[in-house]
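Report on one structure; see the data block that follows.
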Amino acid sequence: MKSFVNYEQNSDFSIHNIPFGVAAFNNEYIACCTRIGDIVIDLATLYDYGFFDEIEGLNENVFEAYTLNEFIELGKPVTNAVRLKIQELLLEDSKIDNDERTLEECFFSLDKVRMMMPLHIPNYTDFYSSIEHATNIGKMFRDPANALLPNWKHLPVGYHGRASSIVVSGTEIIRPKGQTKPADSEKPIFGPSKQLDFELEMAFVVNRHTEMGESISTSEAENAIFGMVLFNDWSARDIQSWEYVPLGPFLGKNFGSSISPWVVTMEALNPFRTSSPQQEPEVLDYLKFSGEQNYDINLEVYLQPENGTENLITQSNYKFMYWNMLQQLAHHTINGCNVEVGDLYASGTISGEDPNSFGSMLEVTWRGQNPIQLNNGQERKFIEDNDTIIMRGFAEKDGIRVGFGEVSGKILPAK
């Protein structure tokens, strides 16, 4: 496929992608949108001009909404048809190739739009599904010889997080305060976190509601997952390590998480499917699945100090995940937990076996024992005030590239 829109060969937003987001156009109005190269397309106006008239089930202009939820809820027969229609319209010699009115009214350069939070997220769950990450944490904080807890290989471990503090890329994050207990102190102390960290994650969003008591099987889960975003699960390690026993993460996690503004559909990611790691021991029947259900998505994390340049911190890959999305959703609902359109499910930190592929500062510096050196001569054990963390992700195969752009966030001093 070749588009009449010119873009760089290494663009995340090729014609093979067609992601969905929400943007403020010229600071005048908000609408759902898609992107190709550095062009953002207003889908609400495209709908008004009749380009989606033939799509069954798209009976009203859901693109006028301030989130993607109404569109996502229409289900894959409609959302897939819209994506394919957009691809068709972007081809050379299409209906709008030389349609000056449509190009002027619907096509905007990236610098003329402001990306918004793409979703209303009713509920958020964070999993712990990278065996390399879980093993590293177990070695660091528990018994190196028995790093994984007994349940870890039997079920996708997770916890319910705070949806209200999930923000779109570019939103600044204020350093959290709380209780910590330094190793040399008999009592806890109060103050700003001194061990602020990122967690390199991805997250998927569901497109359906279920009733209490209803479950989604691994065979049904694929149709219930609309797409994915990049996800930075900011973590205050010192607050977390003092509070997490016996009920798990709380204030060390809920002060902020960041997502990329573009939701990439599972259909765009289909060419990058790959096999899952071998799961031993064999999982219970409700967690069994068929086919290639992992995805080969390259992931990168950069740290940029104030007035400095980007420093590559780690390079990982989503294919390392031990538990896949189908298993995560099946396990989440096996007890009858109901889900809602827009619910977000994060992967947990994505780490590989090589230290250069670890997905958090906690692992990269091994709890601060091995500081990283920045290209300005400074070093970091954890994230400092006014540092910006930038995560990027893309998949590439056989000349096709599909990416997510980036999710970034700057840390501001505690208030």
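In what follows, residues are counted from 1 in the order of the sequence shown.
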Quiz item: Is a side-chain N or O of Ser129 found less than 3.5 angstrom from the main chain of Met321, in a donor-acceptor match?
Solution: no
Exercise. Would you kindly say whether Tyr49 and Asp99 are connected by a side-chain donor-acceptor distance under 3.5 Å?
Key: no
Quiz item: So do the side chains of Phe255 and Ile239 get within less than 4.5 Å of each other, counting heavy atoms only?
Solution: no
Self-check item: Heavy-atom closest contact (Ser14 atom, Ile36 atom, distance)
Solution: C-CG1, 4.4 Å
Quiz prompt | Check: Pro305 and Arg380 side chains under 4.5 Å, non-hydrogen atoms | solution = yes
Quiz item: Is there a donor-acceptor contact under 3.5 Å from the side chain of Glu243 to the main chain of Gly252?
Solution: yes
Self-check item: Polar contact flag, side-chain donor to acceptor under 3.5 angstrom, Asn254-Ser165
Solution: no
For residues 345-358, tabulate all N or O donor-acceptor pairs below 3.5 Å that involve a side-chain atom, not counting sequence neighbours.
| residue | atom | partner | partner atom | Å |
| --- | --- | --- | --- | --- |
| Tyr345 | OH | Asp343 | OD2 | 3.3 |
| Ser347 | OG | Met202 | N | 3.1 |
| Ser347 | OG | Met202 | O | 3.2 |
| Thr349 | OG1 | Glu199 | OE1 | 3.1 |
| Ser351 | OG | Gly359 | N | 2.9 |
| Ser351 | OG | Glu363 | OE1 | 3.1 |
| Ser351 | OG | Glu363 | OE2 | 3.0 |
| Asp354 | OD1 | Asn356 | N | 2.6 |
| Asp354 | OD1 | Asn356 | ND2 | 3.3 |
| Ser357 | OG | Gly352 | N | 3.2 |
| Ser357 | OG | Asp354 | N | 3.4 |
| Ser357 | OG | Asp354 | O | 2.6 |

Exercise. Would you indicate whether Tyr159, at its atom OH, is surrounded by more than 12 heavy atoms from other residues, nucleotides or ligands within a distance under 6.0 Å?
Key: yes
Quiz item: Hey, are Gln240 and Ser235 close enough side-chain-wise for a donor-acceptor pair under 3.5 Å?
Solution: no
Quiz item: Considering only heavy atoms from C-beta outward, does the side chain of Gln293 approach that of Thr218 to under 4.5 Å?
Solution: no
Quiz item: Is Arg208 paired with Glu220 through a side-chain N to carboxylate O contact shorter than 4.0 Å?
Solution: no
Quiz item: Going by heavy atoms in the side chains, are Leu91 and Gln87 under 4.5 Å from each other?
Solution: no
Quiz item: Under 30°, 30 to 60°, or over 60°: which ring-plane class applies to Tyr128 and Trp152, parallel, tilted or perpendicular?
Solution: perpendicular
Exercise. Would you sort out whether Tyr47 and Glu64 count as a side chain to side chain contact (heavy atoms under 4.5 Å, CB included), showing the intermediate values?
Key: CA-CA 9 Å; Tyr47 179 97; Glu64 292 178 331; over 6 Å; no
Exercise. Assess whether side chain to side chain contact (heavy atoms under 4.5 Å, CB included) is satisfied between Ile389 and Trp234, documenting all intermediate values.
Key: CA-CA 10 Å; Ile389 296 295; Trp234 301 96; 3.7 Å; yes
Quiz item: So, Lys95 and Glu88, do they make that salt bridge, N to O below 4.0 Å?
Solution: no
Quiz prompt | N/O donor-acceptor pair under 3.5 Å between Asn294 side chain and Asn324 backbone | solution = no
Practice problem: Kindly check if the number of other-residue, nucleotide or ligand heavy atoms within 6.0 Å of CZ (Arg273) is above 12? | Solution: yes
Self-check item: Ser169 side chain vs Pro261 backbone, donor-acceptor pair below 3.5 Å
Solution: no
Quiz item: Looking at His154 versus His331, is the centre-to-centre ring distance below 6.0 Å?
Solution: no
Practice problem: Check the side chains of Asn123 and Glu340 for a donor-acceptor pair under 3.5 angstrom, ignoring hydrogens and angles. | Solution: yes
Quiz item: Where the side chain of Thr135 meets the backbone of Ala147, is there a donor-acceptor pair that is under 3.5 Å apart?
Solution: no
Quiz prompt | Side-chain donor or acceptor of Thr171 paired with backbone N/O of Val168 under 3.5 Å | solution = yes
Quiz item: Are Cys33 and Phe108 close enough that some pair of their side-chain heavy atoms sits under 4.5 Å apart?
Solution: no
Quiz item: Sub-3.5 Å donor-acceptor pair from the side chain of Thr210 to the main-chain atoms of Val339, do we have one?
Solution: yes
Quiz prompt | Sub-4.5 Å side-chain heavy-atom contact between Trp323 and Val157 | solution = no
Exercise. Not counting sequence neighbours, list each pair that qualifies as a ring-ring contact (aromatic ring centres under 6.0 Å, His included) and has a residue in residues 64-96.
Key: Phe20-Phe71, Phe63-Phe71
Quiz item: In terms of side-chain heavy atoms, does Tyr302 have a donor or acceptor partner in Glu300 at a distance below 3.5 Å?
Solution: yes
Exercise. Using only heavy-atom distances, determine whether the side chains of Asn61 and Asp48 contain a donor-acceptor pair under 3.5 Å.
Key: yes
Just distance, no hydrogens or angles: give the donor-acceptor pairs under 3.5 Å from side chains in residues 406-415, sequence neighbours left out.
| residue | atom | partner | partner atom | Å |
| --- | --- | --- | --- | --- |
| Glu406 | OE1 | Arg392 | NE | 3.1 |
| Glu406 | OE1 | Arg392 | NH2 | 3.1 |

Quiz item: Considering all heavy atoms of both residues, which atom of Asp238 and which atom of Gln195 are nearest to each other, and what is their separation?
Solution: OD2-N, 3.4 Å
Quiz item: Which is it for Val264 and Met228 under the side chain to side chain contact (heavy atoms under 4.5 Å, CB included) test, yes or no, and what are the steps along the way?
Solution: CA-CA 5 Å; Val264 176; Met228 302 183 73; 5.5 Å; no
Practice problem: Inspect the surroundings of NZ in Lys194 and state if more than 12 heavy atoms from other residues, nucleotides or ligands are less than 6.0 Å away. | Solution: no
Quiz prompt | Residue pair Gln327 / Gln279, side-chain donor-acceptor N/O under 3.5 Å | solution = yes
Quiz item: If you draw a 6.0 Å radius around CD in Glu280, do more than 12 non-hydrogen atoms from other residues or ligands fall strictly inside?
Solution: yes
Exercise. For Glu92, look at atom CD and say whether over 12 heavy atoms of other residues, nucleotides or ligands are found less than 6.0 Å away.
Key: yes
Exercise. Without swapping roles, check the side chain of Asp97 against the backbone of Asp93 for a donor-acceptor pair under 3.5 Å.
Key: yes
Quiz item: Between the side chain of Asp42 and the main-chain N/O of Ala31, is any donor-acceptor distance below 3.5 Å?
Solution: no
Practice problem: Considering non-hydrogen atoms only, spot the tightest contact between Phe289 and Ser276 and give its length. | Solution: CZ-OG, 3.6 Å
Exercise. Find out whether Thr265 and Ile18 are in side-chain contact, i.e. whether some heavy atom of one side chain is under 4.5 Å from a heavy atom of the other.
Key: no
Self-check item: Lys381 atom NZ, neighbour heavy-atom count above 12 within 6.0 Å
Solution: no
Quiz item: Tell me, do Leu230 and Leu299 make a side-chain contact under 4.5 Å, heavy atoms counted?
Solution: yes
Self-check item: Side-chain donor or acceptor of Asp197 paired with backbone N/O of Met361 under 3.5 Å
Solution: yes
Quiz item: Where do Pro192 and Arg175 come nearest, in terms of heavy atoms and distance?
Solution: CB-CD, 4.0 Å
